[in-house]
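Values below: all heavy atoms of this structure, side chains included; hydrogens, waters and symmetry mates excluded.
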Amino acid sequence: MDSLLHNQERDEALADRLARRLGAEVEKRWTPEGLPPRPGLQPRIDATAWVVLALGADAKPSSPALEILGRAQQEDGRIPAREDTPEAYWTTGLASLAFGLRGEAQRSRRDRALDFLSTHEGIHHPRTEETPVSHDTDLVGWPWIEGSAAWVEPTALAHLALTRSGRGDHLRAVAARALLFDRQLPGAGWNHGNVKVLGKPFRSVVSSTGLVLLSLAGMQRDDRINSALEYLRSATAVTPLSLAWRRIGLAAWGEPSDCWPFYEAVERSTSLGPLDGAHLCQLILALEGPARLLGRETTP
Amino acid sequence: MSEKLSRRKLIGTTLAAGVGAAVGGTLLKRSLMADQSKVFVGKAKDYSAKLADLIQRGLAEAGVGPEQLRGRRVLLKPNLVDTNHGELHVNTHPEVIRAAAEVFQKLGAASVLVAEGPANRRDTHEILEATGVGDVLREDKIPFRDLNYEPGPRMPNLGGLTRLPSLVLPAVVSETDFIVSLAKMKCHHWGGVTLSMKNLFGMMPGCIYGWPKNILHHVGIHEATVDIVSTVKPDLAIVDGIVGMEGDGPLAGDPKKAGLLVMGRDLRAVDATCARIMGIDPSRIPYLVASPKLGKLSEADIKQVGEPWKAVRTNFALIPFPEHQALRLSS
């Protein structure tokens, strides 16, 4: 028992040390225009929102990050991936979550973002006999980019933004849950959003499953959630992103996971080039735990 | 995959393809005076063959040597789509990537990097690790760029076949000056085939176009293919057909050993030749029909070197829908 506790403490110390190292890297990369994917490139809105989600609203770069997100917000409430690409609006859910962490001070921006999400949706249409995919194509969720279908990850992000703000009973949040469960792989987790195409089953993906489990945290635990958690527990995860999302998905449902594999994964990945800025933030969130994204927002 | 697709629309309409073929044929006749596109087909019995030698020979046949490569910054764009550990037919094989990088370095390229942006997974490194590509890149110190996360400037759509007025290309396109589509020889359940041209869907940043890059299917998979190739302007194609994929590609098909690498500077001619080798009629593949400005299509216009395609033809199985069966090249 002592040994177990000792190992757990060591693991937490490791997590803390790595999170601080990655946090320092994020601060080093930070620019007045936001967080770039790697030094020298144009900052991205999603990476900038992840800074707030990973480091918390009170961290040094978070105030300028929120201002950047605020400036990026368009008249209709969307916060697109880039100013010159307003149709790529999947980032609206992320930015809304970031605004939500600042409470009252960012309430108006958050509400405008949520209003936008409540009135925009991916293309959907009734199934026909000839539909080549197995999922229900008439369910309503969110696309990555305007003019295309709803997919699992943007839907999970928007659903999380709605539920965190107390709109979990909104018609669109209810619809999002229906879509997410319809896209769950039988007895397993999620991927980008295909269950079967032309009768061939697709496989679950750790990062998608972790994100959906975070999005659904707080709902009644049932067999569908249990099978996704079981998938995450047993799935191979050797890369920083898959380790991060396995840990986030499990932690969202109160289950621990080890941090020690993160070290080797980060070393292996960075030997091919710097980690993406948003991925650095997602690693920090995983190592420190996703508590700030669970439950309903509280005014600080 | 687009949900607007139905089985009947899988490949596109044959009528449209026929009309396009007629137009394309006229344009091709006009350009017959121009240099004929060269396509090299070389045999490799498996991935332990001397692939670098074969690629170097193919490049020489295609007119790519030190003069064309000295000082150039080369981007190799493989086809890395899934994590199938140990399966040879899903992704461009790591040994093909290694050999290509070696040849470009040997021929004087200033730099060689590998870049990819998979359509179905946000975690690109998962694919690199599962396929062994990550190990090859580390062993040979080849840099990697994740195209999904590094968008560059918005460029005018030079193809103009879709309703998209412009395309966001990855930043690395402006940092390199010799782009190689290092594709896989596969059947494709929406496009008929996926070869060097369709491979460039992976250039489009996921952080803009999503996972999968569904909008590019909604605007028309064939039209989007032509738009992307026209805008990216790749310089060379190398298609890994040592073990390809037949049937329900690009993910769920079966291995098909063709034992070949196919190369050339004219991507349309390379894809048309690959299709013929696969027993597929290139004049029934809408993106090939719709891209006369991008290269040659008819057998008469393509100067083939190395193995004659007829001698190495090996029919790839087609999924059992009439639209796919209709792609079969007559003997």
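By number of non-hydrogen pairs under 4.5 angstrom with chain B, the leading residue of Gln42(A), Arg268(A), Lys200(A) is Arg268(A). Listed options Tyr209(B), Tyr149(B), Phe144(B) were ranked by heavy-atom pairs under 4.5 angstrom with chain A; first place goes to Tyr149(B). Most heavy-atom pairs under 4.5 Å with chain B: of the set Gly147(A), Gly273(A), Ala81(A), this distinction falls to Gly147(A). Of all the listed residues (Ser269(A), Ala88(A), Pro80(A)), the one sharing the greatest number of non-hydrogen pairs under 4.5 Å with chain B is Ser269(A).
A donor-acceptor contact under 3.5 angstrom links the side chains of Trp151(A) and Asn214(B), judged on distance only.
Only the side chain of Leu211(A) has a heavy atom closer than 4.5 Å to any heavy atom of chain B. Within the 4.5 angstrom heavy-atom criterion, no atom of Leu216(B) approaches chain A. There is no contact between His124(A) and chain B, counting heavy-atom distances below 4.5 Å. Residue Thr83(B) touches chain A through both its backbone and its side chain, counting heavy-atom pairs closer than 4.5 Å. The contact between Leu41(A) and chain B is made entirely by side chain atoms (from C-beta outward), counting heavy-atom distances below 4.5 Å. Proximity to chain B is limited to the side chain of Glu87(A), based on heavy atoms less than 4.5 angstrom apart. For Ala171(B), the part lying under 4.5 angstrom from a heavy atom of chain A is the side chain only. Using a 4.5 Å cut-off between heavy atoms, Arg38(A) touches chain B through its side chain atoms alone. If you measure heavy-atom distances from Asn191(A) to chain B, you find no contacts under 4.5 Å at all.
Between Arg29(A) and Glu25(A) there is a salt bridge, since a side-chain N of the basic residue sits under 4.0 Å from a carboxylate O of the acidic one. Here Asp136(A) does not pair with Arg183(A) in a salt bridge; the nearest charged N to carboxylate O distance is not below 4.0 Å. The pair Glu175(B)-Arg73(B) does not meet the salt-bridge criterion, since no charged nitrogen lies less than 4.0 angstrom from a carboxylate oxygen. Under the 4.0 Å criterion applied to side-chain N and carboxylate O atoms, Glu139(B) and Arg98(B) are assigned as salt-bridge partners.
Near-neighbour residues of residues 151-163 of chain B relative to chain A, defined by a heavy atom under 4.5 Å from a heavy atom of that chain, comprise Pro151(B), Gly152(B), Pro153(B), Arg154(B), Arg163(B).
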Quiz item: Does the pair Arg138(B) and Glu129(B) meet the rule for a salt bridge (charged side-chain N to carboxylate O under 4.0 Å, His left out), with working shown?
Solution: CA-CA 11 Å; Arg138(B) 273 185 286 269; Glu129(B) 299 303 342; 2.8 Å; yes
Exercise. Could you walk me through whether Val180(B) and Lys77(B) pass side chain to side chain contact (heavy atoms under 4.5 Å, CB included), step by step?
Key: CA-CA 6 Å; Val180(B) 183; Lys77(B) 161 61 182 80; over 6 Å; no
Quiz item: Does the pair Asn84(B) and Arg203(A) meet the rule for a side chain to side chain donor-acceptor pair (under 3.5 Å), with working shown?
Solution: CA-CA 11 Å; Asn84(B) 309 47; Arg203(A) 292 179 293 166; 3.2 Å; yes
Exercise. Under the side chain to side chain donor-acceptor pair (under 3.5 Å) rule, what do Ser208(A) and Glu153(A) come out as? Steps first, then yes or no, please.
Key: CA-CA 7 Å; Ser208(A) 313; Glu153(A) 284 149 330; 2.9 Å; yes
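Remark: the backbone N or O of Leu180(A) is paired with a side-chain donor or acceptor of Trp190(A) at under 3.5 angstrom. The main-chain N or O of Cys207(B) is never found under 3.5 Å from a side-chain atom of Arg44(A) such that the two would form a donor-acceptor pair.
Note on residues 199-216 of chain B: no pairs pass salt bridge (charged side-chain N to carboxylate O under 4.0 Å, His left out), not counting sequence neighbours.
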